[in-house]
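Convention: sequence-line order gives letters A, B, ...; per-chain numbering from 1.
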Amino acid sequence: MTRVRPDPDRQGKFLGEMKAQQKSRLYFLGLFVLLGLVPLVLRSEYYLHVLIAMFYHVIYATTYRFILRTGQFHFGAHAFVGIGAYASVLLVMRAGWSFWLAMPAAGLIAAFFAVLIGYPTLRLKGIYFAIITWGFGDTLRFIYMRFKEPFGGPLGIFAIPGPNPITIPGLITIDFSQKTHFYFLALALMIVTLYILHRMEQSRFGLIFGAIREGDRLARAVGINIMNYKVLAFAVCSGLGAMAGSFYAHYTYYISPLDFSVLLTIYLAIYTVVGGQERYAGVIVGTVVLMLAGEVFAGYSHYQLLMYSGFLIVILLFLPGGLISLPGLLTRVGSRAEEKEGEKFRNDPA
Amino acid sequence: MTQLELQKVSKFFGGLAAISRLDLQVQQGEIIGLIGPNGAGKTTTFNVITGELRPNEGEVIFEGQDITGLRPHQVATLGIVRTYQLVTLFPGYTALKNVLVGLHLGARIGFAEAILNSRSHQRKELHLYRQAQEILNFFNLQAVADEPAENLPHGLQRKLGVAIALAARPKMLLLDEPLTGMNPNEVLEMIATIRRIRDRNGITVVVVEHNMRAVMALCERIVVINFGVRIAEGAPQDIQANKQVVEAYLGSDSHAA
Ligand SMILES: Nc1ncnc2c1ncn2[C@@H]1O[C@H](COP(=O)(O)OP(=O)(O)O)[C@@H](O)[C@H]1O
Ligand SMILES: [Mg+2]
């Protein structure tokens, strides 16, 4: 890389972080390859399905969490996932588009809606924003139910085609006749989404989002247009969630208004809190753990929300930082004495 | 040349006029002191200029443009950046990152390139990093670059506050009590720094300050307000000799010296 002034004292944390960032692409590629090997080992369609569902839920949850981190109590993730699903299905089934165009288009449409409702509402704080976004989701659900044409009414839309086959002549054909094909598509979508979110957090944009959290008044005073940043995060995350919604529709071949009720957002909120929203890995852990728990107790699916709520209460009471804070907490208990010493030092000004 | 002009600006809080039909002119490139006892309306004047408060009447004109009612980030974009009476930083961020945020207006990094982390983007980031380092050096803060702002001693926090503001490349700096809580040596250092900011970059500086020695040492012109009304204006020596000013201070404030 380019040389920085050879000041030995100032080799600085920041440059180190920048260097690490240049490598992060490799980690994401590595994760893709690693998870890409799973279907070689795991032959069961059922387990693949569990993983696929996990992948798109990870997309929902991580994008949801990013919006929460901009200080907005978002309660309408289901609205945008739904827009993505319905838009892409209609574009494919009514307008005859290829899935490969319809999916990104669905993302853009959802992002557009996010901008539209974001500008007037993102200045609302706390419960007000929650109510508005929840209401937006429920309004959409009402529209899907009420208008059989083109939304299919309460029964939803049946016989949705899978993604169009991809053929690289003489090499490979992916026609989505097998679970593994969907597996790779879901995996790719998840990795790309995670990479985008990771960059949003680590780049200058993350610096600014953090600054807005740290002190919005000062952020404005140095010229930051907070609303633009909030709308940007809201639109990008809603768009990514909508693409996952599009995948969901073409993967399950059937959507109905019930799929996009506030219950979806409630689940995402639980995943986020249980996993821990401080860090990006926390939400992933929360989603994976709770969805696995959900599978284990699949026979009692009526009680799923109850079980999740139990999890939530336990976490809120005993582990407010979420599951992701557990390893740190354990090591800290192990070396409590040293920690106390450190604390003393840290509180001492200068 | 008049760079900033307040024309009969008033701001009421309930029945109380924090500032009342206040006229103020700031010349391009000067260091001007805005003084007055506690509660005189100095901070309110800053808040009205930067758009944090909307005046009830009157106009704020900056470089010929009516900026009354513009939002704070818009005012900053036009070139007026302020610091706060109570130290205001991004507390969890390191000193370096605080300044990096301050560089926002000059950053010009697009969303797509930031996501892709392209070569040209990395070069821009590195360039910003160097600029931030330069600013830290300018304030003699380089040794604490990686220290969280909240852990810094008060004097350094004040300096960092000004460093963030300077990073925004203002045409005009509004400093709200930049010397409060500093030891005498830090005060002298800050006075020299403020002078250099003006001399080197031609940045106009408006200082609100209670430390009279410092105001006399730093400012070329002084405006005195009391109860939101301008009661005197002139060169430091005139102000010192002004009876009304002395009365205002003796009447309500012990900082007078
Ligand atoms: N946000 C506010 N709400 C109500 N009163 C305020 C507010 N800000 C300032 N004031 C009042 O306005 C007057 C001027 O305050 P201020 O501008 O902070 O004075 P100074 O900075 O000169 O000490 C004071 O009487 C103060 O109590
Ligand atoms: Mg004040």
Bottom line for B:Phe111: the part with an atom under 4.5 Å from chain A's heavy atoms is both

When the 4.5 angstrom heavy-atom criterion is applied to B:Leu128 and chain A, the contacting part is side chain

Checked B:Asn117, B:Thr88, B:Thr94 vs chain A; the most non-hydrogen pairs under 4.5 Å come from B:Asn117

Turns out that what part of B:Leu78 lies under 4.5 Å from chain A's heavy atoms comes down to neither

* Asked: Can you check whether B:Leu100's main-chain N or O pairs, donor with acceptor, with A:Arg204's side chain at less than 3.5 Å?
  -> yes

When the 4.5 angstrom heavy-atom criterion is applied to B:Arg71 and chain A, the contacting part is side chain

B:Leu89 and A:Leu218 have their tightest heavy-atom pair at CA-CD2, 3.5 Å

The interface call for A:Leu232 against chain B, heavy-atom contacts under 4.5 Å, is side chain

Practice problem: Take A:Val222 and B:Leu105 through the side-chain contact (heavy atoms from CB on, under 4.5 Å) test and state the conclusion after the steps. | Solution: CA-CA 7 Å; A:Val222 295; B:Leu105 285 173; over 6 Å; no

Here the gap from A:Ile208 atom CD1 to B:Phe90 atom CZ, rounded to the nearest 0.5 Å, amounts to 7.5 Å

Shortest non-hydrogen pair, B:Ala76 vs A:Arg220, comes out as CB-O, 4.0 Å

Turns out that what part of A:Arg217 lies under 4.5 Å from chain B's heavy atoms comes down to both

Of the listed A:Ala211, A:Ala221, A:Gly215, the one with the largest count of heavy-atom pairs under 4.5 Å with chain B is A:Ala211

Counting heavy-atom pairs under 4.5 angstrom with chain A, the leader among B:Glu125, B:His121, B:His73, B:Lys97 is B:His73

